[in-house]
Peer 1: 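Please read through the structure below; I'll follow up with questions.
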Amino acid sequence: MGVTAPAITPGLLAEHKLTREEYERILAALGREPNLVELGIFSALWSEHCSYKSSKVFLRDLPTTGKRVVQGPGENAGAVDIGEGLAVVFKMESHNHPSFIEPTQGAATGVGGILRDVFTMGARPIAVLDPLFFGDPKAPRMHGLVDGVVRGVGGYGNCIGIPTVGGSTFFHPSYNGNILVNVMAVGLVRHERIFKAKASGVGNPVLYAGSKTGRDGIHGASMASDVFDDEKSQRRPTVQVGDPFTEKLLLEAVLEVLEGDAVVAIQDMGAAGLTSSSFEMCARGHVGMRLDLDRVPMREAGMTPYELMLSESQERMLLVTKKGREREVIAVFEKWGLDVAEIGEVTGEPRMVLHWHGEVAADLPVAPLVDEAPVYRRPWTLAEPLKPLEGGIDLAGAPDEKTALLALLASPNLCSKAWIWRQYDQSVRTNTVFGPGGDAAVVRVKGTKKGLALTADVNPRYCFADPMRGAAHAVAEAAMNVACTGARPLAITDCLNFGNPERPEIMGQLAAAVKGLSLACRALETPVVSGNVSLYNETDGESILPTPTVGMVGLLDEVARAVPHAFAAEHDVVALFGETRDELGRSEYLATVLGRDEGPCPLLDLLAVRSMVDLLVDLATDGLLSSAHDVSDGGLAVALAECSMPNGLGAVLNVETALLPTVYLFSQSTPRAVVSFPPGKEKHVLEAARRHGVPTAFLGRVTKDALRVSVSGNVVLDVSVSTLKRASEEAFETMMEVTE
């Protein structure tokens, strides 16, 4: 071997996040001690981030197939058929630890990485969504983290020319020491042009293309598989540095190369860089590779094989081409001004042999590192779901409904996030029909009449109270958001963010959440086609709330019939679909207005969600709806305000209920939707609702200027739309102007 094996000490194993038992497995797989390069490779591929060793036993329960699924989990991204020979390709991933260390670069490289996962499949990216989770706005560094993450997401997406069309922003003290940056990317491709990362063809050349390799991001995968403390939060050298202009060149070069038939396989160098891309391509094809690491384009002098294999420098691809066709592929990358080099070839024996200036730097079997990585059944305990409070929630001394509504509209979680959206290009490529701010973004599929509805959802408070039901709520909320635009939900991607899986209570949260996702996806026929698991989101023993983010794609057969969320015309009839129950537990009202984060997760009837989805899609398809808006965080009062503010239209409404007005207005019962439609359509809407078994109440009419709600004949809410807008639109900007 060309690299001397170091003394394997407990300290060296700890540095590589390997246990003594895992090291014994390495010795058994190799029949000898590894050298430092080999130890680093095992460390990366056996990390939680790459191997899913703590979550794999549960992920197998997720439904991953369906009549529209073209590609499920296991490739760079999932793909779903949308007709006319087209597929939508999408995936969501996390960049949590790097974004806490260096928010701008951490978030930017998160965007770059997920975009590469999509265009590596041969799909042209058309949209990005960014579910973001921050701590208390008053916590140290939090303003800087918010500002940096937003600049990172916007800067990368804007420069590469991909619109950021949606997302969410959630604040809670549990994220004070560990923010979450989840990013979802969506692309389009023709079925026959989908490419996979499966190496094949003994003797076929292996090409490296994109940016040069530097020392940034080394040990990034293992860092993402570790808890934080004060020392680890300073690890800036492990954060990658992105260049969106290079990524734009790489995108165009890759898509041009994939138009031909010279490429056999292609994979992004994401987490663990050249290590993961090469080993995973070989594992899928049951082949090996010989790589000459001294041929890798390098950005820095004196780099070692260890650094080259573990660097997570951005904007890089690994390709296998047909033998004799490599020059035409190289010519395309050179035309786009990118580094490109032939660095090896495919071999028949499933081994990875790494050469360094003629000497062997590493010689490893592929299977033990990928297919036979450790899988743990960690101990787990499941806490009892939080039960309703004895005697219900005490509303004595609660403010009046108007005061409560204005407080909610000005709260960090519910106020307008225009301060964020204004920094994003939402309409580049001219496909955006609905951008941020509604139930789901809608983008048109050029060359067809179709549209795609895109959303990303989760309520971490629900998931803390009841991880299984809370995760199911995330799927239901996503389906409702998509259906409110008139789109039929197709499939989901997920990003499962949890704390330290070595703690049984955290492992129990993950196990229950995956079960909830599975139950909801089966009930709503929305299979999981891609996803990511992000564990160890914990600092100094303080874990985040369980946050299983769900990204969903829905299909509109006619994008011209997409339904907006805002009231559209004066005199339209306003109706409420669904049942309102006494469910203030875990609500925004309870947390923001009463300062209490308690109570149970709301009930969830998945069959009722499915019926509601069917009803909304049918009404939109028939062109009966002027608007539709899901009732979720903040309850009916906030939903009505959100319907009123965009077009300056209010409503005069009267409801009959046995519930207290405060409960009726701020309950977060699911599923419910506020819809409006032209006068004279009441019979058609009611017949459709009865056909689907959805409870329906006609509340009143759309009017100008004010939102006025009476409960059992008594006016409980009377506020001008301008007052609602002022409360909502000024809050976030005011919050961000306050210096830390």
Side-chain angles (χ1 to χ4, degrees), residues 90-96 98-119 124-134 137 141-171 175 179-187 239-251 314-315 412 415-438 440-443 454-456 495 549 551 729 731-737:
F90 59 103
K91 187 179 182 183
M92 179 161 50
E93 283 203 349
S94 61
H95 229 222
N96 301 335
S99 297
F100 186 79
I101 295 171
E102 212 304 303
T104 301
Q105 285 299 335
T109 50
V111 174
I114 196 64
L115 286 172
R116 288 193 300 279
D117 281 339
V118 166
F119 70 75
R124 179 171 289 280
I126 60 169
V128 165
L129 295 88
D130 65 332
L132 308 174
F133 304 84
F134 297 107
R141 288 192 68 210
M142 202 53 58
H143 283 190
L145 289 169
V146 173
D147 179 64
V149 165
V150 170
R151 284 191 288 114
V153 172
Y156 207 100
N158 295 353
C159 290
I160 198 173
I162 308 298
T164 304
V165 298
S168 61
T169 310
F170 181 81
F171 291 86
Y175 304 100
I179 66 172
L180 304 182
V181 175
N182 295 174
V183 185
M184 175 177 168
V186 182
V239 178
Q240 310 94 316
V241 178
D243 180 354
F245 299 104
T246 298
E247 177 117 339
K248 173 63 174 173
L249 299 176
L250 184 62
L251 184 159
Q314 295 292 284
E315 295 90 35
C415 69
S416 167
K417 304 304 188 300
W419 183 89
I420 295 176
W421 308 331
R422 284 196 298 266
Q423 299 183 56
Y424 298 163
D425 191 331
Q426 307 156 36
S427 57
V428 62
R429 306 192 68 81
T430 69
N431 293 325
T432 306
V433 178
F434 300 156
V442 173
V443 294
L454 315 171
T455 189
C495 193
T549 314
E729 293 177 357
F732 200 87
E733 191 160 347
T734 300
M735 182 187 83
M736 291 304 295
E737 286 175 352

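What's counted below: heavy atoms across the whole structure, side chains too, no hydrogens, waters or symmetry copies. As the structure is a prediction and not an experimental result, all values here were calculated from the model.
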Peer 1: Using a 4.5 Å cut-off on heavy atoms from C-beta on, say whether the side chain of Tyr424 contacts that of Asp130.
Peer 2: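 Asp130 vs Tyr424: side chains touch.
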Peer 1: Would you say Ser416's side chain and Ala418's backbone share a donor-acceptor pair under 3.5 angstrom?
Peer 2: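 Checked: pair present.
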Peer 1: Nearest 0.5 Å please: distance from the CE atom of Met92 over to the CG atom of Asp117.
Peer 2: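 Going from CE on Met92 over to CG on Asp117, the span is 13.0 Å.
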Peer 1: State which residues pass salt bridge (charged side-chain N to carboxylate O under 4.0 Å, His left out) with Lys417; sequence neighbours excluded, sorted by chain then number.
Peer 2: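 Residues passing salt bridge (charged side-chain N to carboxylate O under 4.0 Å, His left out) with Lys417: none at all.
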Peer 1: I'd like to check Ser427 versus Pro163 (side-chain heavy atoms, cut-off strictly below 4.5 Å). Are they in contact?
Peer 2: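 No, too far: nothing below the 4.5 Å cut-off.
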Peer 1: Between Phe100 and Ile179, what is the shortest heavy-atom contact and its length?
Peer 2: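 Smallest heavy-atom distance, with atoms named: CD1-N, 4.0 Å.
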Peer 1: Among residues at least two apart in sequence or on other chains, which ones pass ring pair (Phe, Tyr, Trp, His ring centres under 6.0 Å) with Phe133?
Peer 2: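 Here the qualifying residues are Tyr175.
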Peer 1: For Thr549 and Asn182, which I'm curious about, is there any donor-acceptor pair between the side chains at under 3.5 Å?
Peer 2: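 Yes.
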Peer 1: Kindly write out the residues that satisfy ring pair (Phe, Tyr, Trp, His ring centres under 6.0 Å) with Phe170, not counting sequence neighbours, or none if the list is empty.
Peer 2: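 Ring pair (Phe, Tyr, Trp, His ring centres under 6.0 Å) list for Phe170, sorted by chain: empty.
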Peer 1: Using atom types as modelled and distance alone, determine if a side-chain donor or acceptor of Gln105 lies under 3.5 Å from a backbone N or O of Gly242.
Peer 2: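 Yes.
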Peer 1: Provide the closest heavy-atom pair for Ala731 versus Cys415 in the form atom of the first, atom of the second, distance.
Peer 2: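 For Ala731 and Cys415, the tightest heavy-atom pair comes out as CB-CB, 3.8 Å.
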Peer 1: Looking at side-chain heavy atoms only, is the closest gap between Leu132 and Val149 below 4.5 Å?
Peer 2: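 Of all side-chain heavy-atom pairs linking Val149 with Leu132, at least one is under 4.5 Å.
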Peer 1: Quick one: side-chain hydrogen bond (donor to acceptor under 3.5 Å, both in side chains) partners of Thr109, sequence neighbours excluded?
Peer 2: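 For Thr109, the residues satisfying side-chain hydrogen bond (donor to acceptor under 3.5 Å, both in side chains) (neighbours in sequence not counted) are His95.
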Peer 1: Run the side-chain contact (heavy atoms from CB on, under 4.5 Å) test against Pro125 and tell me which residues pass, sequence neighbours left out.
Peer 2: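 Pro125 satisfies side-chain contact (heavy atoms from CB on, under 4.5 Å) with Leu115, Val118, Phe119, Ile162, Leu251 only.
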Peer 1: Determine whether Cys159 and Lys248 make a side-chain contact, defined as any pair of heavy atoms from C-beta on separated by less than 4.5 Å.
Peer 2: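 A side-chain contact under 4.5 Å is absent here.
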Peer 1: Heavy-atom distance under 4.5 Å between the side chains of Val146 and Met735, does that happen here?
Peer 2: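 No, every pair of side-chain atoms sits at 4.5 Å or beyond.
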Peer 1: How long is the span from the SG atom in Cys495 to the CG atom in Asn96, to the nearest 0.5 Å?
Peer 2: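 The SG atom of Cys495 sits 6.5 Å away from the CG atom of Asn96.
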Peer 1: What are the two closest non-hydrogen atoms of Ser168 and Ala456, and how far apart are they?
Peer 2: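 Looks like OG-O, 4.0 Å.
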Peer 1: Can you find a pair of side-chain heavy atoms, one from Arg116 and one from Glu247, that are under 4.5 Å apart?
Peer 2: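 Yes; the side chains approach each other to less than 4.5 Å.
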Peer 1: According to ring pair (Phe, Tyr, Trp, His ring centres under 6.0 Å), who are the partners of Trp419, at least two apart in sequence or on a separate chain?
Peer 2: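 Here the qualifying residues are Phe732.
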Peer 1: Given 3.5 Å as the limit, does a donor-acceptor pair link the side chain of Gln426 with the main chain of Trp421, or not?
Peer 2: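 Flag set: sc Gln426 to bb Trp421 pair under 3.5 Å.
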Peer 1: Which heavy atom of Pro137 sits nearest to which heavy atom of Phe171, and what is that distance?
Peer 2: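 Closest pair (atom of Pro137, atom of Phe171, distance): CG-CD2, 3.8 Å.
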Peer 1: Please test Glu93 against Val183 for side chain to side chain contact (heavy atoms under 4.5 Å, CB included), starting from the C-alpha separation and ending with a verdict.
Peer 2: CA-CA 6 Å; Glu93 283 203 349; Val183 185; over 6 Å; no
Peer 1: Main chain of Gln423, side chain of Asn158: is a donor-acceptor contact present, judged purely on distance under 3.5 Å?
Peer 2: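 Flag set: sc Asn158 to bb Gln423 pair under 3.5 Å.
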Peer 1: Can you tell me if Thr164 uses its side chain to pair, donor with acceptor, with the backbone of Leu129 under 3.5 Å?
Peer 2: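 Not confirmed, Thr164 side chain does not pair with Leu129 backbone.
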Peer 1: Can a cation-pi geometry be assigned to Arg151 and Tyr156, taking NZ or CZ under 6.0 Å from the six-membered ring centre and within 45° of the ring axis?
Peer 2: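 Judged by the rule (NZ or CZ under 6.0 Å from the ring centre, within 45° of its axis), Arg151 is not positioned above Tyr156.
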Peer 1: For Asp243, check side-chain contact (heavy atoms from CB on, under 4.5 Å) against everything at least two apart and list the hits.
Peer 2: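 Listed in chain order: Phe245, Thr246, Glu315.
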